[in-house]
S.K.: 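My structure is below; once you've seen it, I'll send some questions.
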Amino acid sequence: MRILLVASLLASTCFADTVFLKDGRKLEGAVTDAGEEFAIKGKFGTVRVKKADVDRVEADASEPPPATGNPPATGNPSAKTKPLSGPERTTLQSAEALLNENKAPEGLKLIATMLNAEDGYDWEGKRRISLLASRLALRAGDRSRAAKEIALWASLAPATSRFSDETRARLVTDSADGNFVVKEEDLLAHAGVSLEPGPQPLWDEKVVAFALRLEARNDEAQGNKALEEARTFEKKDHEQALKAFRTAEKAYARADDISPGCCRPSQIAALRGMLDALFSLGVEADEKQMASSPLNVGFEMKANAEGRLRFTPAGRTKFDETRRDWNTQVDRLETIMKEIDALKARFPEEVAKQQGQYERLKTALSDMVPRIRKAFAKALQEHN
């Protein structure tokens, strides 16, 4: 979850960030999100680390936030905020230890000063403070305060965890007693979960993770159904296959957002199907726009009194129809490439696996399409 809290900061390049690894090492440099990894560009090149090996990422507070950063949720939007300091992070860790020792009231007292100054922290700081306060309040039996803090925490959700945060907040606010009922059949369906059946406290992160996994099941089932449908169209109807793959990827993405990591392999499988269908449709559109160009199509003409070639009525009709068909295929190709580029921004490594087809379609749009457009214009000018 901690990695998700900073993911939106990494949607664009940051400066002088510090990546703390779980083995105690730390790396500094400009950090970008590279799918399942972080890429850290430092003085001596770029290093990639798996997100699973990362404890946290801290952005340099001296740099401005990226354009896609999260707006402040409370207080004066123009007021300056600060990241959590080292001692403040230690205080939060101590309060969490008190939570685990069933000393929630003492934990709330320990972070009282930070709670009173919450608006002075950056969005990540606010989120960490509010989330911990909600857990402490739940264990202390103060559900009203817990609901208030979890609502503030969810309001600061980055795009990468919006569904997860909203679902977690709903679990807390909808709970009558701050517990989640764990059913034995759900435990049997998800082997390896170290929980007991019956009411379990929502201040416990293991309980929350399990509850979120169950909440993600409907979206996962929708993704499975759409993926199965896509496979039936995959070889015979790229348009229908693409539509079903889109539905599957969207459902898996939502499920994976609600319960991070639950459906990532399935989401990638749907994505690969989308890319295969898009590239097939793109190549088809490229071939059709080439076939309907003046470079490959002849139009009936005859010489006028001055000896200059002019379209016959039938030739002009065919020219206009051909140009319309060509524009249709170019529009289709441009639409397909926009979707591929959007996927490339989200999954660069997957698109890179089909770099040859990607470059072919990009070249068609940047080179052949302008040349053919000029050929149509020239034919119309010379023979009309």
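If you're wondering where the values come from, they're calculated on a predicted model, not measured in any experiment. We're numbering straight along the sequence, starting at 1.
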S.K.: Verify the distance criterion only: is there a donor paired with an acceptor across the side chains of Gln357 and Gln354 at less than 3.5 Å?
M.R.: yes
S.K.: Walk me through whether Leu202 and Asn179 qualify under side-chain contact (heavy atoms from CB on, under 4.5 Å).
M.R.: CA-CA 5 Å; Leu202 284 168; Asn179 292 320; 5.9 Å; no
S.K.: Does the Asn116 side chain pair with the main chain of Ala112, one donor and one acceptor, at a distance under 3.5 Å?
M.R.: yes
S.K.: Working to the nearest 0.5 angstrom, can you tell me the gap between Met337 CE and Ser366 OG?
M.R.: 9.5 Å
S.K.: Output, in order, the C-alpha distance, side-chain angles, deciding distance and verdict of side-chain contact (heavy atoms from CB on, under 4.5 Å) for Glu382 and Arg308.
M.R.: CA-CA 9 Å; Glu382 292 181 350; Arg308 299 182 64 181; 5.5 Å; no
S.K.: As an exercise, state the distance from OG of Ser130 to CG of Leu115, rounded to the nearest 0.5 Å.
M.R.: 7.0 Å
S.K.: Do the charged groups of Arg217 and Glu220 touch, with an N to O distance under 4.0 Å?
M.R.: no
S.K.: Just to verify, what does Glu287 make a side chain to side chain donor-acceptor pair (under 3.5 Å) with, not counting sequence neighbours?
M.R.: none
S.K.: How far apart are the C-alpha atoms of Leu187 and Phe210, what are their side-chain angles, what is the distance that settles it, and do they pass the side-chain contact (heavy atoms from CB on, under 4.5 Å) test?
M.R.: CA-CA 9 Å; Leu187 289 173; Phe210 184 68; 3.9 Å; yes
S.K.: For the atom pair CZ (Arg332) and CD (Glu284), what is the distance rounded to the nearest 0.5 Å?
M.R.: 4.5 Å
S.K.: Quick one: sort the Phe319 and Phe311 rings into parallel, tilted or perpendicular, breaks at 30° and 60°.
M.R.: tilted
S.K.: Quick one: does Ser164's side chain have a donor or acceptor within less than 3.5 Å of a partner on Ile258's backbone?
M.R.: yes
S.K.: One thing to verify: whether Glu96 and Arg135 come together as a salt bridge, which I'm taking to mean a side-chain N less than 4.0 angstrom from a carboxylate O.
M.R.: yes
S.K.: How about Glu228: does its CD atom have over 12 heavy atoms from other parts shown lying under 6.0 Å from it?
M.R.: no
S.K.: Any donor-acceptor pair under 3.5 Å linking the side-chain atoms of Asp257 with those of Tyr252?
M.R.: no
S.K.: Kindly give the heavy-atom pair with the smallest separation between Asn296 and Met290, and that separation in Å.
M.R.: ND2-O, 2.6 Å
S.K.: Any carboxylate oxygen within less than 4.0 angstrom of a Lys/Arg side-chain nitrogen, looking at Glu215 and Arg168?
M.R.: no
S.K.: Is it true that Glu249 and Arg346 make a salt bridge, defined as a side-chain N closer than 4.0 Å to a carboxylate O?
M.R.: yes
S.K.: Atom CG of Leu281 and atom CG of Leu333: how far apart are they, to the nearest 0.5 Å?
M.R.: 10.5 Å
S.K.: Report yes or no: do Leu92 and Leu138 belong to one cluster of Ile/Leu/Val/Met/Phe/Trp/Tyr joined by side chain heavy-atom distances under 4.5 Å?
M.R.: yes
S.K.: Side chains of Asn384 and Arg316: donor-acceptor distance under 3.5 Å anywhere?
M.R.: yes
S.K.: State whether a side-chain donor-acceptor pair under 3.5 Å links Thr90 with Gln93.
M.R.: no
S.K.: How about CD on Glu196, more than 12 heavy atoms from neighbouring residues, nucleotides or ligands closer than 6.0 Å, or not?
M.R.: no
S.K.: Between Arg246 and Glu339, does any NZ, NE, NH1 or NH2 come within less than 4.0 Å of an OD or OE carboxylate oxygen?
M.R.: yes
S.K.: Does either side chain, that of Asp286 or that of Gln289, offer a donor lying less than 3.5 Å from an acceptor on the other one?
M.R.: yes
S.K.: I need the Trp123 CH2 to Thr81 OG1 distance, nearest 0.5 Å.
M.R.: 11.5 Å
S.K.: Looking only at side chains, do Gln355 and Glu359 share a donor and an acceptor under 3.5 Å apart?
M.R.: yes
